[in-house]
Amino acid sequence: MRTLIALMAAIAIAVPAGLSAQAQRQPASQTPDVIFVPTPQDVVEDMLRLANVQKGDVLYDLGSGDGRIAITAARKYGVKATGIDIDPERIREANENARKAGVTKLVEFRQEDLFKADFRDATIITLYLLPDLNVKLRPKLWDELKPGTRIVSHQFEMGTWKPEKKLESNGRTIYFWTVPPKDKRPKL
């Protein structure tokens, strides 16, 4: 038993300083609900085409990962885009990618819980979340977004809210909805 206690103490003392400093730089936050899996670039392009992105749109990518959807929207269409992700490492990576792409004046990335984030000014929402998260997010989308806001999801639907369009892209499925007026919304 004494050997085990000595071994545990030695491990605690031997934690590399870099790991300790890294932990101090990252604010404590909620654990992501999904693992980061990047959307292939050709699917990103198809998502933005399906959303009919136009100059003047305001795009929010919920669960933005490395920022590729927001960055592509800003670079290709010149729109203001915001990525929201809970993982500080993904936010750092997205900001670096935006800098490399030269779109930092159009793109911002925020480390937030997407269920608490404010994205009311969106005209387009993009998602690559799991089906249960899409369904959980749906009431917030309906309550906070203006009718006519376009929503595009890579790979996953929104439960009983049937998509208006569906596109197959390189073996993946993209779904499209428009937020309906309050009196035209299907029951949850």
Side-chain angles (χ1 to χ4, degrees), residues 30 32-34 37 39-65 67-86 90-91 94 98 103 105-170 172-188:
Q30 184 178 340
D33 290 320
V34 296
V37 177
T39 299
Q41 189 61 37
D42 57 336
V43 176
V44 169
E45 303 278 346
D46 285 341
M47 289 175 73
L48 297 174
R49 269 193 294 280
L50 188 60
N52 193 28
V53 178
Q54 303 289 316
K55 193 80 170 159
D57 274 323
V58 177
L59 182 139
Y60 280 78
D61 185 24
L62 307 182
S64 57
R68 67 182 61 198
I69 295 174
I71 291 166
T72 301
R75 187 178 38 78
K76 189 167 184 171
Y77 299 96
V79 300
K80 181 180 173 201
T82 301
I84 298 174
D85 204 291
I86 203 156
R90 296 285 75 81
I91 296 297
V103 294
K105 290 185 188 222
L106 290 172
V107 178
E108 88 171 291
F109 293 98
R110 301 187 330 222
Q111 182 188 344
E112 292 182 81
D113 179 335
L114 60 92
F115 292 98
K116 296 176 183 171
D118 182 1
F119 43 80
R120 293 172 194 265
D121 61 329
T123 59
I124 298 173
I125 296 285
T126 58
L127 309 164
Y128 185 18
L129 304 171
L130 295 174
D132 60 322
L133 292 175
N134 281 358
V135 170
K136 183 179 173 185
L137 186 60
R138 186 176 60 188
K140 180 176 174 66
L141 297 172
W142 283 3
D143 288 344
E144 297 182 9
L145 296 174
K146 296 177 283 302
T149 302
R150 291 156 279 160
I151 300 171
V152 181
S153 175
H154 170 198
Q155 205 61 33
F156 300 112
E157 295 187 67
M158 293 235 190
T160 58
W161 187 21
K162 297 302 173 200
E164 296 165 41
K165 297 177 189 174
K166 186 172 151 180
L167 174 70
E168 296 300 321
S169 175
N170 198 19
R172 302 187 182 230
T173 306
I174 303 169
Y175 299 95
F176 173 87
W177 301 263
T178 305
V179 174
K182 290 192 188 295
D183 63 339
K184 304 268 190 219
R185 295 180 185 169
K187 298 219 184 242
L188 294 176

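Just so it is clear, the model here is predicted, and its values are computed rather than measured.
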If you count the non-hydrogen atoms of other residues, nucleotides and ligands that lie under 6.0 Å from NZ in K140, is the total more than 12? yes
About how many Å separate [atom2] of [Y] and [atom1] of [X], when rounded to the nearest 0.5 Å?
X    : Y    : atom1 : atom2 : result
I151 : T123 : CD1   : OG1   : 11.5 Å
Y60  : T82  : OH    : OG1   : 4.5 Å
L106 : R75  : CG    : CZ    : 12.0 Å
Y128 : R172 : OH    : CZ    : 5.0 Å
L62  : F115 : CG    : CZ    : 9.0 Å
E112 : I91  : CD    : CD1   : 8.5 Å

Within the 4.5 Å heavy-atom criterion, are L129 and L114 side-chain neighbours or not? yes
Measuring only between side-chain heavy atoms, which start at C-beta, is V79 closer than 4.5 Å to K55? no
What pair of heavy atoms forms the shortest contact from [X] to [Y], and how long is it?
X    : Y    : answer
D118 : R110 : O-NH2, 2.9 Å
S169 : D46  : OG-OD2, 2.5 Å
A51  : V152 : CB-CG2, 3.5 Å
Y77  : L48  : CE1-CB, 3.9 Å
A117 : I84  : CB-CD1, 3.6 Å
A74  : V107 : CB-CG2, 3.3 Å

Applying side chain to side chain contact (heavy atoms under 4.5 Å, CB included), run through F119 and V58 and close with a yes or a no. CA-CA 9 Å; F119 43 80; V58 177; over 6 Å; no
Picking from Y175, W177, F176, what satisfies ring pair (Phe, Tyr, Trp, His ring centres under 6.0 Å) with W161? W177
Identify the residue among T39, T126, T72 that makes a side-chain hydrogen bond (donor to acceptor under 3.5 Å, both in side chains) with D61. T126
Can you check whether M158's main-chain N or O pairs, donor with acceptor, with R138's side chain at less than 3.5 Å? yes
N134 side chain to F156 main-chain N or O, any donor-acceptor pair under 3.5 Å? yes
Salt bridge (charged side-chain N to carboxylate O under 4.0 Å, His left out): which pairs involve residues 148-166, sequence neighbours left out? D57-R150
Determine which pairs satisfy salt bridge (charged side-chain N to carboxylate O under 4.0 Å, His left out) with at least one residue from residues 123-134, sequence neighbours left out, and list them in order. none
